[in-house]
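These notes are about the structure you will find just below.
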Number of protein chains: 2
Amino acid sequence: MDDSNIKNADILALEKFLPYRLNQASEKVSQKFAQEYKKRYGLTRPEWRTFATIGQFGTITAREICNHSPMHKTKVSRAVFALEKRRWVKRTQDPTDRRLEHLELTTTGQATYKDLVNVANVFEEKFIQSIGDQDAQLLLRALDAIERRFEA
Amino acid sequence: MDDSNIKNADILALEKFLPYRLNQASEKVSQKFAQEYKKRYGLTRPEWRTFATIGQFGTITAREICNHSPMHKTKVSRAVFALEKRRWVKRTQDPTDRRLEHLELTTTGQATYKDLVNVANVFEEKFIQSIGDQDAQLLLRALDAIERRFEA
DNA sequence: AAATTGTGGTTGCACATGTAACCATCTATT
DNA sequence: AATAGATGGTTACATGTGCAACCACAATTT
């Protein structure tokens, strides 16, 4: 009798535990990608994300960045500071609500962003090729499902 | 004409970027699970992993833990220390190679581990139900593919 | 067998991160 | 219009983490 699907209740095989596997897979991919933009631009993860989000929206506030790509607000605050120091991002005070700062890319920032988009697309493309189109489709559908689950 | 699959080359939509989505999904699941064992046992992530790995293998060295579930060796070192202080883990010097320490669970540790395994299995089961069996199957196959990719 | 090199594990230091407290401003209540 | 509460954003502090240097010991070279 084949008991390969019966779970041993006494021991947890970490390498078969779904949250662990998901975490490992994600971590490996993220690390490989991070390596790319760290080498290229010297950006940290939160900085890359903040930068990419500002680029995506054109103009956005720190709070909105937090909402769109979940990060702690101190992370965003520090990332913005770093990006500002590099002159890739500039702030503009909102005229009607002086608490708000609208963030946008400088001209230099825009040039870098263009490159970043390209690097990201190439990476994604290569990644999809490396696991195969079919499995990539499965992955997309699985991610849809997980995202749906967390919206509910 | 339907251009929904044509990628705008100028802007990167973060929420559609595969590595980002994978990372978010993983992070959400991990956080939800971490919440469980943090509340229950007060364990940090590296501690949980170290503990689970020792439980899985019965006897294992710190180095082997690093190899099996990729963590920096300082993380493991500190986790072992914390687990030892709680008296969930004990060390034994290797008689032939005195650099090696064999780690195993104490009796208390074993009891906790039993509970941990149960909590983990219940969590996994509920997670699979929550996204649906079919999508869970897709996820498993996608993870297989990613893992294969990183072994090569 | 002495010296060099490698390995398991720990520690010091610098840096990243989360929490909470904070400042400035806006909104709502009175 | 004065007060109380909420909100955008920053900062101080405590904790977590990675890197490099380190210690003790083992293996290899001479």
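Chain A is the first sequence line, chain B the second, and so forth, proteins listed ahead of strands; every chain is numbered from 1.
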- Task: Give me the residues of residues 54-66 of chain B where at least one heavy atom lies under 4.0 Å from an atom of DNA chain C, by number, or none.
- Result: B:T61, B:A62, B:R63
- Item | Selection: residues 87-106 of chain B, any non-hydrogen atom under 4.0 Å of DNA chain C | B:R91, B:R99, B:L100, B:E101
- Query: Can you check whether B:D133 reaches B:Q137 side chain to side chain, under 4.5 Å on heavy atoms?
  - Reply: no
Counting only pairs under 3.5 Å, give me each side-chain donor-acceptor contact of residues 25-33 of chain B, with atom names and distances, residues two or more places apart or in other chains.
residue, atom, partner, partner atom, Å
B:E27, OE2, B:R45, NH2, 2.9
B:S30, OG, B:S26, O, 3.1

Non-neighbouring partners of [X] that pass ring pair (Phe, Tyr, Trp, His ring centres under 6.0 Å), sequence neighbours left out:
| X | result |
| --- | --- |
| B:Y20 | none |
| B:H72 | none |
| B:F57 | B:H68 |

- Query: Who else is in A:L138's hydrophobic cluster (ILVMFWY, side-chain heavy atoms under 4.5 Å, direct or via others)?
  - Reply: B:L138
- Task: Starting from B:F81, walk the hydrophobic network (Ile, Leu, Val, Met, Phe, Trp, Tyr; side-chain heavy atoms closer than 4.5 Å) and list everyone else you reach, by chain and number.
- Result: none
- salt bridge (charged side-chain N to carboxylate O under 4.0 Å, His left out) pairs, two or more places apart, involving residues 108-123 of chain B: B:R40-B:D115
- Query: With A:R149, which residues qualify under salt bridge (charged side-chain N to carboxylate O under 4.0 Å, His left out), at least two apart?
  - Reply: none
- Sort and list the pairs that fulfil side chain to side chain donor-acceptor pair (under 3.5 Å) and have at least one residue in residues 52-62 of chain A, not counting sequence neighbours. A:T53-A:S69, A:Q56-B:E15, A:T61-A:E64
- CE of B:M71 versus P of C:dG9: gap in Å, rounded? 13 Å
Check: protein-nucleotides 11-20 of chain C nitrogen or oxygen pairs below 3.5 Å:
residue, atom, partner, partner atom, Å
C:dG12, O6, B:R78, NH2, 2.9
C:dG18, O6, A:R78, NH2, 3.0

